[in-house]
Amino acid sequence: MNGGDEVVTAPVEPPQPLEWKFSQVFGERTAGEEVQEVDIISAIEFDKTGDHLATGDRGGRVVLFERTDTKDHGGSRRDLERLDYPIGRHPEFRYKTEFQSHEPEFDYLKSLEIEEKINKIRWCQTANGALFLLSTNDKTIKFWKVQEKKIKKISDMNLDSSKAVGNCSVASSSNSLSPRPYLANGGCPDRSYSSLSNELSFPPGGIPSLRLPMVVVASHETSLVARCRRVYAHAHDYHINSISNNSDGETFISADDLRINLWNLEISNQSFNIVDVKPANMEDLTEVITSAEFHPSHCNMLGYSSSKGSIRLIDLRQSALCDSHAKLFEEPEPPGTRSFFTEIIASISDIKFGKDGRYILSRDYMTLKLWDINMDSGPVSTFQVHEYLRPKLCDLYENDSIFDKFECCLSGDGLRVATGSYSNLFRVFGSSPGSTEATTLEASKNPMRRQVQTPSRPSRSLSSSLTRVVRRGAESPGVDANGNSFDFTTKLLHLAWHPSEKSIACAAANSLYMYYA
């Protein structure tokens, strides 16, 4: 109020829906080509700068890609932005290197095979031009250093081959009629060492010498070398589902079904158990930990999700063992909706903090939910992803698809969220207030092929036109939200949003697809 006049601020218009275009594909399959199990991608992660991308697969390999479009302008990206240089290109990547991170193992005490499959990859801070990352399978976490090494090559020999007879032999004298046989290193087969000095004849160029290679560093050629710096093992009785590095650059957490451990990157033989939900009697177990992640800027805060659909925020300053949470985020189930599948579909498969740490995005089987960490009464937004599958939950339970763990991601500006689905589809939603953006894309060279007509009214609320499209699609069996037949065997579980660009990388079986808007 100012002098009796009320100041009215104009409502902020939500951003326009993005038009997505195909950028690149790595490992594209030809028609009819059979996918090898070990080649299926199981983890994707951009580093903080967005200049590097890492993928892990079921064969225990980590593949690194590096960005190339920013290197073509003759200056650093920061300098170009400072000069207001119009960069109209979209992010482009090229293959950098790959290495075998994990091998299959066998736990003889438990008679249990340990798969080599990479569950998670997390980038660490770079130092001295080297890249550092953490990778984990079900039981063992490894800390890798990837660095360019200059290639050493044999450039020349210390003797001209024309002045020596054979390799490592003594040159014959100019006045001898025929060369005498000599062994390597100047030995003579038919003379003793004591008489050698009397028999040797020296050539005009000097005394005979060994031919030795001269090794030099070829500075213009480099080779990428991946070295395992540390192995963090024997700390989890159950399968590791999450790793997350702290903003302090020194520590990270690893989480399995019942425990979360805190590690120091420099110390591999001990960790601190900070969350333990294991009951004294395992028959009393009602929920398990499904995902865990550090706050992006507060090194004392982390969040973890559970199979009951709740998210707990804990503060490491409160106590050494953080079994009591600082905040609890959960949405009460509507009365009269409980069924056999209620708890299964409520289980959260992935959580991600927004870049500023204000919001948490969670993914359960049916929905994406956006939570404000300052408001624990319920999610600020709910995005329907699999509502059209509700009539088919029995079939999904029979073929185990109901237990699929889909990941989620947020854009760097926090205005959009994305997650995967079946038939190699993924969904992008606008998360700003009033946004109607709800795009369905296919992991192929024509991502907009399966687009439905954009609804005119908001697409996120339960009474929205999107939900009506979803319900209409669900009436006919085997049809998705856009009226296309869906395929439960092709699922897009893993995807990542570039930290600063409108670009998404997603995995469809063994293929890595990249899109931009």
Side-chain angles (χ1 to χ4, degrees), residues 23-24 26 41-57 61-71 76-78 80-81 87 89-99 101 118-136 141-148 224-230 242-254 263 265 293-297 299 350 352-357 361 407-414 418 494-507 512-516:
S23 173
Q24 290 172 282
F26 296 95
I41 296 172
S42 56
I44 300 181
E45 186 78 6
F46 281 104
D47 71 347
K48 283 188 177 180
T49 65
D51 291 339
H52 293 93
L53 173 68
T55 65
D57 63 26
R61 292 169 303 226
V62 172
V63 183
L64 304 185
F65 302 88
E66 66 177 348
R67 189 170 178 177
T68 57
D69 60 296
T70 54
K71 297 180 180 180
S76 72
R77 185 173 183 80
R78 189 173 297 172
L80 295 173
E81 287 175 346
I87 300 176
R89 299 189 179 188
H90 60 272
E92 290 181 358
F93 287 79
R94 72 178 178 196
Y95 170 86
K96 187 177 178 75
T97 188
E98 67 180 86
F99 56 91
S101 174
I118 305 295
N119 289 345
K120 296 287 179 183
I121 296 173
R122 290 291 180 267
W123 289 92
C124 302
Q125 292 179 354
T126 58
N128 300 325
L131 303 173
F132 295 90
L133 49 89
L134 290 164
S135 62
T136 184
I141 307 157
K142 293 185 179 181
F143 183 47
W144 290 91
K145 177 182 181 181
V146 182
Q147 191 174 28
E148 285 190 345
L224 279 161
V225 178
R227 286 201 175 96
C228 183
R229 296 290 301 275
R230 281 175 197 89
S242 304
I243 52 174
S244 177
N245 31 5
N246 199 345
S247 58
D248 64 10
E250 296 179 0
T251 55
F252 71 94
I253 55 168
S254 58
W263 301 83
L265 280 167
E293 184 166 293
F294 262 119
H295 190 280
S297 55
C299 61
D350 189 28
K352 292 283 194 326
F353 275 98
K355 200 172 184 179
D356 59 358
L361 181 67
E407 292 179 2
C408 58
C409 58
L410 297 94
S411 60
D413 56 15
H494 311 286
L495 76 171
W497 202 301
H498 191 282
S500 57
E501 306 271 2
K502 296 181 179 70
S503 176
I504 291 178
C506 56
L512 175 68
Y513 285 92
M514 307 194 74
Y515 302 95
Y516 71 99

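Below, each value reflects all heavy atoms present in this structure, side chains not excepted, and no hydrogens, waters or symmetry copies. Source: prediction; values computed, not measured.
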Undergrad: Side chain to side chain donor-acceptor pair (under 3.5 Å) with Ser23: which residues, sequence neighbours excluded?
TA: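 Side chain to side chain donor-acceptor pair (under 3.5 Å) check on Ser23 returns His90.
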Undergrad: In Å, rounded to the nearest 0.5 Å, how long is the span from CG of Leu53 to CD1 of Ile121?
TA: 8.5 Å
Undergrad: Do Leu265 and Leu134 come within less than 4.5 Å of each other through their side chains, counting heavy atoms only?
TA: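 Yes, their side chains come closer than 4.5 Å.
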Undergrad: Of the options Glu148, Gln125, Lys96, Glu66, which is the one that meets Leu131 in a side chain to side chain contact (heavy atoms under 4.5 Å, CB included)?
TA: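 Passing option: Lys96.
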Undergrad: Is it true that a side-chain atom of Lys352 and a backbone atom of Leu410 form a donor plus acceptor pair closer than 3.5 Å?
TA: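 Absent.
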Undergrad: Would you say that more than 12 heavy atoms from the other residues, nucleotides or ligands in this model lie under 6.0 Å from the NZ of Lys502, or not?
TA: no
Undergrad: Apply side chain to side chain contact (heavy atoms under 4.5 Å, CB included) to Thr97 and list each qualifying residue two or more places apart in sequence or on a separate chain.
TA: Leu64, Val146, Leu224
Undergrad: For a quick test of reading the model, state the closest non-hydrogen atom pair linking Asn245 to Phe252 and the distance between them.
TA: CA-CB, 3.7 Å
Undergrad: Side chains of Phe93 and Met514, heavy atoms from C-beta outward: is any pair under 4.5 Å?
TA: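 They are in side-chain contact.
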Undergrad: Just wondering, do Trp263 and Ile141 contact through their side chains at under 4.5 Å, heavy atoms?
TA: yes
Undergrad: Check the orientation of Phe143 and Phe132. Use parallel for under 30°, tilted for 30 to 60°, and perpendicular for over 60°.
TA: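 Judged by the thresholds at 30° and 60°, the geometry between Phe143 and Phe132 is parallel.
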Undergrad: Could you tell me the separation between the CG atom of Leu361 and the SG atom of Cys409, rounded to the nearest 0.5 Å?
TA: 8.0 Å
Undergrad: Supply the atom-to-atom distance Ser254 OG to Arg122 CZ, rounded to the nearest 0.5 angstrom.
TA: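 Between atom OG of Ser254 and atom CZ of Arg122 there are 12.5 Å.
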Undergrad: At their closest point, which heavy atom of Phe46 faces which heavy atom of Ala496, and how far apart are they?
TA: CE1-O, 3.6 Å
Undergrad: Look at the side chain of Ser42 and the backbone N and O of Ile118, then say whether any donor-acceptor pair between them is shorter than 3.5 Å.
TA: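 Yes; at least one donor-acceptor contact below 3.5 Å.
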Undergrad: Looking at residues at least two apart in the chain, or sitting in another chain, which of them share a side chain to side chain contact (heavy atoms under 4.5 Å, CB included) with Gln147?
TA: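 Only Ala130, Lys145, Lys149 meet the side chain to side chain contact (heavy atoms under 4.5 Å, CB included) criterion with Gln147.
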Undergrad: Does Cys228 form a side chain to side chain contact (heavy atoms under 4.5 Å, CB included) with Phe99? I'd like the steps, not just the answer.
TA: CA-CA 10 Å; Cys228 183; Phe99 56 91; over 6 Å; no
Undergrad: For Ala418 versus Leu495, what's the shortest heavy-atom pair and its separation?
TA: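 So the minimum-distance heavy-atom pair works out to CB-CD1, 4.0 Å.
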Undergrad: List for me each residue that meets side chain to side chain contact (heavy atoms under 4.5 Å, CB included) alongside Ser503, sequence neighbours excluded, and say none if there are none.
TA: Pro91, His498, Glu501
Undergrad: So, for Lys120 and Ile243, which heavy atoms are closest and what is the spacing to 0.1 Å?
TA: CB-CG1, 3.7 Å
Undergrad: Trp123 side chain to Glu45 main-chain N or O, any donor-acceptor pair under 3.5 Å?
TA: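 Between the backbone of Glu45 and the side chain of Trp123 there is a qualifying donor-acceptor contact (under 3.5 Å).
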Undergrad: How close do Thr49 and Pro499 get, heavy atom to heavy atom, and via which atoms?
TA: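 Scanning both residues completely, I find the closest heavy atoms to be C-CG, 4.0 Å.
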Undergrad: Is the side chain of Thr68 donor-acceptor paired with the backbone N or O of Glu92 at a distance under 3.5 Å, no angle test?
TA: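 Judged by distance alone, yes, a pair lies under 3.5 Å.
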Undergrad: Taking only residues two or more places apart in sequence, or in another chain, which ones meet Arg61 in a side chain to side chain donor-acceptor pair (under 3.5 Å)?
TA: Asp39, Asp57
Undergrad: Could you report the tightest heavy-atom contact between Gly354 and Pro296, atom names first, then the distance?
TA: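 What the structure gives for the nearest pair is O-CG, 3.4 Å.
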Undergrad: By side chain to side chain contact (heavy atoms under 4.5 Å, CB included), which residues pair with Ser244, not counting sequence neighbours?
TA: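 With neighbours one apart ignored, the set is Ile253, Glu293, Phe294.
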Undergrad: Could you measure the distance from the OG atom of Ser411 to the CD1 atom of Ile504? Nearest 0.5 Å is fine.
TA: 8.5 Å
Undergrad: Under the 3.5 angstrom rule, does the side chain of Asn246 hit a backbone N or O of Gly249 as a donor-acceptor pair?
TA: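 Pair absent, no side-chain N/O of Asn246 close to backbone of Gly249.
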Undergrad: If we ignore hydrogens and angles and just use 3.5 Å, is the side chain of Lys142 paired with the main-chain N or O of Ser101 as donor and acceptor?
TA: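 Yes, Lys142 side chain to Ser101 backbone: donor-acceptor pair under 3.5 Å.
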Undergrad: Do any N or O atoms from the side chain of His494 and from the backbone of Ile44 form a donor-acceptor pair under 3.5 angstrom?
TA: no
Undergrad: Side chains of Val63 and Leu512: does their closest heavy-atom pair fall under 4.5 Å?
TA: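 Result no, sub-4.5 Å side-chain heavy-atom pair not found.
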Undergrad: Taking atom SG of Cys506 and atom OH of Tyr513, what is their separation to the nearest 0.5 Å?
TA: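 Result: 8.5 Å between the selected atoms.
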